[in-house]
Every structure is written in structure tokens, then in C-alpha cells.
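Given the structure is predicted, the values throughout are model-derived calculations rather than measurements.
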Amino acid sequence: MEIEICKAEQEDVAGIAEIVRELGWFDQMTAEPLAETQVYIANELKLCQADDSHSVYVARAAGEAVLGYVSVHWLPYLIHTGPDGYISELFIRDS
């Protein structure tokens with residue numbers, strides 16, 4: 001299976017929402033309708049895309065749903081020539 005990694009787009013929101021809900025870690029998201037989770041994630045993704053301080057990437061098999069995602073926060077350092085990435089979320093489907 002060939003896996004593609006690319007920046008998350010609004011079309012990936014449904015897949016990301018499914019992954020987050022499958023975790024069962026977040027009672028509010030588990031209890032609310034899927035559509036509400038998708039709206040929340042869509043809004044947060046827009047915030048992440050607003051500047052270069054955050055990146056969200058998704059992994060998917062060719063022509064398939066999102067298999068996983070990662071959220072990276074880029075932190076500037078005075079002693080480095082560029083920012084370092086801090087991974088705050090990294091989740092994949094159980095399957």
C-alpha cells in the first residue's frame with residue numbers, strides 16, 4: 001500500500017474527526033453529533049492554516065480516507081537557523 005503524506009485541507013476534516021472520535025479520549029466529542037465535531041475541527045484547522053506557526057499533515061492511501069494525522073507547531077529559536085517542530089498530536093486509525 002502506497003501512503004501519501006500531505007498538508008491537511010478542509011476536505012480532510014471528516015477523516016480527522018472520525019479518528020479523534022475513535023480514540024474515545026474526549027467525552028464531549030464522543031457524545032456530540034459527528035457534524036459538530038467536524039465543524040469544530042474545520043474551524044481549528046483554519047486557525048492552524050492562518051500562518052506558518054502550525055502545520056497539520058494527513059496520511060492516506062491512494063484514493064482512500066485519512067489514515068492518520070499529525071499537528072506540528074513551529075517554534076523559533078535564537079540559536080538555530082530555522083524553527084524546530086513540536087508535535088502535539090499524532091494519531092492513526094486502529095486498522
Side-chain angles (χ1 to χ4, degrees):
M1 171 188 332
E2 188 172 321
I3 296 177
E4 171 188 43
I5 307 291
C6 58
K7 282 198 171 187
E9 299 294 338
Q10 288 298 311
E11 66 193 32
D12 300 312
V13 165
I16 294 170
E18 289 173 9
I19 291 169
V20 170
R21 289 168 60 96
E22 285 174 3
L23 292 169
W25 292 1
F26 310 104
D27 293 338
Q28 177 184 343
M29 287 185 179
T30 303
E32 71 189 6
L34 177 59
E36 285 183 36
T37 305
Q38 290 173 342
V39 167
Y40 173 78
I41 290 174
N43 289 334
E44 295 301 305
L45 183 58
K46 283 180 191 174
L47 289 174
C48 289
Q49 295 170 328
D51 61 35
D52 292 335
S53 66
H54 298 81
S55 298
V56 179
Y57 297 92
V58 293
R60 65 171 87 83
E64 294 188 29
V66 174
L67 301 173
Y69 79 94
V70 61
S71 180
V72 182
H73 305 273
W74 300 103
L75 306 172
Y77 286 94
L78 298 176
I79 59 173
H80 295 269
T81 58
D84 280 356
Y86 168 76
I87 295 175
S88 61
E89 299 174 50
L90 173 61
F91 298 110
I92 59 170
R93 293 185 183 270
D94 283 339
S95 60

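Note that the CD atom of Q28 and the OG1 atom of T37 stand 8.0 Å from one another [nearest 0.5 Å].
With hydrogens and angles left out, the side-chain atoms of R21 and T30 include no donor and acceptor closer than 3.5 Å.
For the salt bridge (Lys or Arg N to Asp or Glu O under 4.0 Å) test, residues two or more places apart in sequence or in another chain that qualify with E22 are R93.
Residue I92 qualifies as open at atom CD1: its count of foreign heavy atoms under 6.0 Å is 12 or below. More than 12 heavy atoms of other shown residues, nucleotides or ligands fall within 6.0 angstrom of atom CZ in F91. Counting non-hydrogen atoms of neighbouring residues, nucleotides and ligands closer than 6.0 angstrom, the OH atom of Y86 reaches no more than 12 such neighbours.
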**Prompt:** Should V70 and E89 be marked as a side chain to side chain contact (heavy atoms under 4.5 Å, CB included) after you check the CA-CA gap, both sets of side-chain angles, and the distance that decides it?
**Reply:** CA-CA 5 Å; V70 61; E89 299 174 50; over 6 Å; no
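Counting only residues at least two apart or in different chains, side chain to side chain donor-acceptor pair (under 3.5 Å) contacts with residues 74-84 comprise S55-W74.
For the pair L47/N43, no side-chain contact is recorded, criterion being any heavy-atom separation below 4.5 Å from C-beta on. Proximity of I87 to S71: side-chain heavy atoms (C-beta onward) are nowhere separated by under 4.5 Å. Side-chain contact between R60 and I3 is absent, with no heavy atoms from C-beta onward closer than 4.5 Å.
V20 and V72 end up in different hydrophobic clusters when Ile, Leu, Val, Met, Phe, Trp and Tyr side chains are linked at under 4.5 Å. Note on I19: it clusters hydrophobically with F26, by side-chain heavy-atom contacts below 4.5 Å among ILVMFWY residues.
Across D12, I5, I41, I16, a single residue satisfies side-chain contact (heavy atoms from CB on, under 4.5 Å) together with Y69, and that is I16.
With Q49 contributing its side chain and V56 its backbone, the two residues share no donor-acceptor pair below 3.5 Å. No donor-acceptor distance shorter than 3.5 angstrom exists from the side chain of Q38 to the backbone of V13, with no hydrogens or angles considered.
When every heavy atom of G15 is checked against every heavy atom of V66, the shortest pair comes out as CA-CB, 4.1 Å. Taking each heavy atom of Q10 and L45 in turn, the nearest pair found is NE2-CD2, 3.7 Å.
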